[in-house]
Q: 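The structure is given below, and queries will be raised subsequently.
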Amino acid sequence: MIECSNLTKIYNLGKKHQVEAVTDANVVAKNGAITVFVGPSGCGKTTLMSMLGQLLTPTRGKILVDGEDITAYSDGWKAVFRRENVGFVFQHINLMPNLNAVENVMIPLLAHDVEPADFKEKALNLLDNLGLAERSYFAVEQLSGGQQQRVAVARALITEPNIVVADEPLTFVDEASARTITDFFGKLREQGKTVLISTHVSNLAKLADKTYIMKDGKILGNS
Amino acid sequence: MKGRLKNLLNYSVNCILRYKVRTIVILVCLSVAATIFSSVAFMKDGLARDGQLSLKYAPDLTVQGIVAGRQAFIETSNIGIIRGIGGVNDVVPRIWGYGNVGNNLLVILGIDLRVTTINPAEPYPLESGVFLNPQRNNTVVIGKAVADLLDARVGSILTILSESNQARQYDVIGVFNSESSIYNADMILMNINDARSFFKVPDDKVTDLSVHVTPTDPGNYVPLLDYVAREISGRPNVRVLTKDVLLKAQETTYGARSGFFSVVWYIILIAVALIAFNQTVVVGHESKFEVGLLKALGFSTSDIIKVRLMESAILGILAGSIGLTFGIVYDVVLNAPVLRDFMLGWAVLYPTFTVPVYISVQTVLLAYAITIVPILFATVIPSWLNATVDPDIAMRGARA
């Protein structure tokens with residue numbers, strides 16, 4: 001379970017162009033549940049997701065994972081935490097250019113003490129489950145936006161993380177891919193994973209076990 | 001941990017292959033710098049080593065006549081006086097200059113073997129034939145380069161043209177070995193009377209005197225040499241050259257010439273560093289994004305630095321190896337065209353002269369340092385700066 005209290009992020013703190021992107025956010029995301037953050041563009045969803053996924057250090061507030069305060073982790077420990085526990089799906093997809101789909105899926109394994117070749121079958125199965133079996137060896141530049149995002153989902157899951165953080169995963173995705181990805185998130189919940197999704201798409205919001213509404217960096221309420 | 005390191009190494013190799021243009025530009029620039037540096041350094045070291053070897057055969061002191069500050073013939077009357085100085089073992093009068101064989105200007109040296117007690121085979125080791133005999137006129141022993149140049153060997157007849165346009169013929173009775181090529185490679189050695197006749201030098205004069213000193217206690221060599229040099233220098237119209245002075249003159253000559261190339265090399269190195277840095281900046285956007293993404297996917301800051309270190313080391317070592325190989329091929333196989341003429345200044349005299357090349361561990365390590373250090377600075381530092389910020393900030397910064 002992930003709990004955060006009074007989570008705040010101020011960019012350019014103390015400088016002329018200081019921006020308070022998230023203010024005093026209090027969130028509880030249970031294991032085996034999908035927690036969705038809904039709000040207009042620029043409301044601070046991505047910043048909040050980044051803080052929850054340990055991609056961004058909060059200006060203040062606390063983050064507890066299964067009761068352990070991880071806010072004050074060092075940079076090295078945060079890297080270990082991300083490596084062992086978190087899978088990311090980004091709004092901008094962020095695949096590595098000049099690599100094919102299955103190579104992209106296997107990148108997170110390079111940071112682990114494993115032989116990536118032993119996980120190739122698993123990577124191919126993930127791509128197959130996401131409807132990309134025939135595109136596994138295509139360079140990412142040859143894939144559509146929706147296909148690329150499905151590759152990114154496979155990449156997030158190759159290390160079997162407990163927490164999946166998906167920031168606007170359907171923004172650049174066609175309808176068919178959106179359906180596949182949405183169904184996939186449902187399966188992750190069945191597997192007991194903690195799924196955090198930010199979105200403005202109603203399809204994904206329907207999946208939510210808990211929904212937080214955001215505006216101007218603040219959580220207005222939850223349901 | 002081994003598995004992780006192997007994975008990071010694989011990723012580094014993958015980066016090198018992915019950023020093809022940057023890889024090629026950096027490899028070409030660093031290889032060119034390493035080639036220029038190594039070819040000059042190998043040749044300079046070879047010349048320095050040859051110079052030191054030649055000193056093994058050089059006299060302890062060389063005494064020249066001096067008039068109005070310029071070198072002149074020295075009176076033979078000095079021979080007996082110098083021989084009388086305590087510690088002086090031998091004084092060998094020499095007459096030397098230049099003569100034409102065909103279109104080649106070569107060094108001619110005449111020594112007086114009748115007055116020397118030293119073993120002639122020691123200072124002038126031979127590859128073939130016999131050494132000069134003071135009783136046999138019109139005979140010569142020639143250097144290895146001269147033999148190669150003129151396709152001459154023991155038994156050949158050498159026709160040398162003097163300044164007075166008189167052609168004289170000499171029998172080749174020996175060829176020097178090439179252990180110290182710089183010392184005797186272009187030399188034609190003959191009896192002093194033949195040289196006197198060839199150069200038309202008056203009977204009471206010679207070009208210089210070779211002075212050999214033997215201390216009773218070997219530990220007193222330097223003080224004795226200083227003493228003898230001081231004694232000789234006290235005489236009028238005389239100057240004394242020690243081995244050190246000769247070596248310094250040689251090193252200064254080649255050092256200055258290689259120094260010129262060093263300046264060129266520094267300019268190239270700066271250009272290389274700028275190009276490498278520029279390439280880093282060009283891919284900086286991608287690189288910054290990549291660093292952020294890798295950190296998001298579980299790579300730590302030290303993983304990122306390891307990746308970049310390995311990438312830089314691979315590129316630097318590869319470029320250094322290519323540069324060293326080209327440098328060796330240029331010097332040893334191609335005999336250093338252009339550079340040889342510049343460094344030796346003997347292009348006309350020595351068309352077949354093989355440049356002395358000395359490949360020292362120090363130079364090889366320096367060549368690798370030259371190719372590795374700039375690329376390390378150009379790639380690792382920006383990556384380290386990117387890797388120390390939050391992954392989200394790095395990726396946003398790259399997208400901005």
Side-chain angles (χ1 to χ4, degrees), chain A residues 9 11-12 21 46-59 74-99 103-119 139 152 155-156 158-159 161 165 167, chain B residues 1-24 282-283 285-308 310-311 383-400:
Chain A
K9 181 65 188 181
Y11 292 108
N12 303 319
T46 298
T47 297
L48 180 58
M49 300 293 276
S50 292
M51 287 191 288
L52 292 173
Q54 295 300 300
L55 294 183
L56 192 61
T57 306
T59 306
S74 69
D75 184 65
W77 276 106
K78 281 179 183 169
V80 174
F81 178 81
R82 288 192 296 268
R83 186 187 309 155
E84 304 294 338
N85 298 291
V86 189
F88 290 97
V89 180
F90 301 98
Q91 178 181 6
H92 293 281
I93 303 172
N94 294 350
L95 295 178
M96 209 68 91
N98 302 323
L99 293 180
E103 286 168 341
N104 262 287
V105 173
M106 290 164 68
I107 285 177
L109 297 166
L110 297 175
H112 289 254
D113 194 7
V114 296
E115 179 58 61
D118 296 342
F119 289 77
R155 181 181 65 187
I158 188 72
T159 55
V165 178
D167 180 26
Chain B
M1 204 57 187
K2 264 186 175 176
R4 280 193 75 211
L5 203 60
K6 188 183 155 203
N7 291 341
L8 297 179
L9 178 63
N10 285 339
Y11 187 77
S12 303
V13 173
N14 184 278
C15 285
I16 291 170
L17 299 175
R18 256 188 307 141
Y19 298 122
K20 285 190 185 73
V21 174
R22 181 191 69 157
T23 299
I24 290 168
V282 167
V283 296
H285 170 84
E286 269 178 285
S287 184
K288 193 171 187 177
F289 162 75
E290 190 176 319
V291 167
L293 180 61
L294 289 175
K295 285 198 76 178
L297 298 179
F299 285 63
S300 64
T301 300
S302 72
D303 289 339
I304 306 282
I305 291 169
K306 277 178 203 161
V307 165
R308 293 295 179 242
M310 288 190 273
E311 196 181 331
S383 297
W384 170 69
L385 292 173
N386 288 336
T388 50
V389 300
D390 283 335
D392 181 83
I393 301 284
M395 284 192 285
R396 280 178 198 237
R399 268 199 295 270

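Throughout, protein chains are lettered first and strands after them, A, B, ... in sequence-line order, and every chain is numbered starting at 1. Just so it is clear, the values below take in all heavy atoms, side chains as well, and ignore hydrogens, waters and symmetry mates.
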Q: With a 4.5 angstrom heavy-atom cut-off, which part of A:Phe81 approaches chain B: side chain, backbone, both or neither?
A: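 Neither the backbone nor the side chain of A:Phe81 comes within 4.5 Å of chain B.
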Q: Would a 4.5 Å heavy-atom cut-off, applied to side chains only, mark B:Arg4 and A:Val114 as touching?
A: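 No - every pair of side-chain heavy atoms lies 4.5 Å or more apart.
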Q: So, the side chain of B:Asp303 versus the backbone of A:Ala111: is there a donor-acceptor pair under 3.5 Å, distance only?
A: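 No, the answer is negative, given that no donor and acceptor are paired below the 3.5 Å cut-off.
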Q: With a 4.5 angstrom heavy-atom cut-off, could you sort out which part of B:Leu17 is near chain A: side chain, backbone, both or neither?
A: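 No part of it gets close to chain A.
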Q: Could you look at A:Thr46 and say if it's the side chain, the backbone, both or neither that has a heavy atom under 4.5 Å from chain B?
A: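 Both parts, backbone and side chain.
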Q: With rounding to the nearest 0.5 angstrom, report the CG to OG1 distance, A:Asp75 to B:Thr301.
A: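 Rounded to the nearest 0.5 Å, the CG-OG1 separation comes out at 3.5 Å.
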Q: Please round to the nearest 0.5 Å and tell me the distance separating atom CD1 of B:Ile393 and atom OG1 of A:Thr57.
A: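 One finds 8.5 Å between CD1 of B:Ile393 and OG1 of A:Thr57.
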Q: How long is the gap from CG on B:Asp390 to CD on A:Gln54, to the nearest 0.5 Å?
A: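 Separation between the atoms: 9.0 Å.
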Q: For the residue pair A:Phe90 and B:Met395, establish whether any side-chain heavy-atom pair is separated by less than 4.5 Å.
A: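 Sidechains of B:Met395 and A:Phe90: in contact.
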Q: Quick one: which of A:Leu99, A:Asn85, A:Val165 has the most heavy-atom pairs under 4.5 Å with chain B, could you say?
A: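 That would be A:Leu99.
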Q: Do the non-hydrogen side-chain atoms of B:Tyr11 and A:Met96 ever get within less than 4.5 Å of each other?
A: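 B:Tyr11 vs A:Met96: side chains touch.
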Q: As an exercise, state the distance from CG of B:Asp392 to CG of A:Leu55, rounded to the nearest 0.5 Å.
A: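 Rounded to the nearest 0.5 Å, the CG-CG separation comes out at 6.0 Å.
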Q: When rounded to the nearest 0.5 angstrom, what is the spacing between CG in A:Asn94 and CD in B:Glu290?
A: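 The CD atom of B:Glu290 is 11.5 Å from CG of A:Asn94, to the nearest 0.5 Å.
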Q: Under 4.5 Å between any side-chain heavy atoms of A:Lys78 and B:Lys295, yes or no?
A: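 With C-beta onward as the side chain, the pair stays apart.
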Q: With rounding to the nearest 0.5 Å, note down the distance linking CG in A:Asn98 to CG in B:Asn14.
A: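 Here the interatomic distance stands at 9.0 Å.
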Q: Testing the basics here: between A:Leu110 and B:Leu8, what is the closest heavy-atom pair and its distance to 0.1 Å?
A: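 Residues A:Leu110 and B:Leu8, closest heavy atoms: O-CD2, 4.2 Å.
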Q: With heavy-atom distances below 4.5 Å as the criterion, would you say the side chains of A:Arg83 and B:Ser300 are in contact?
A: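 Yes, close enough: below the 4.5 Å cut-off.
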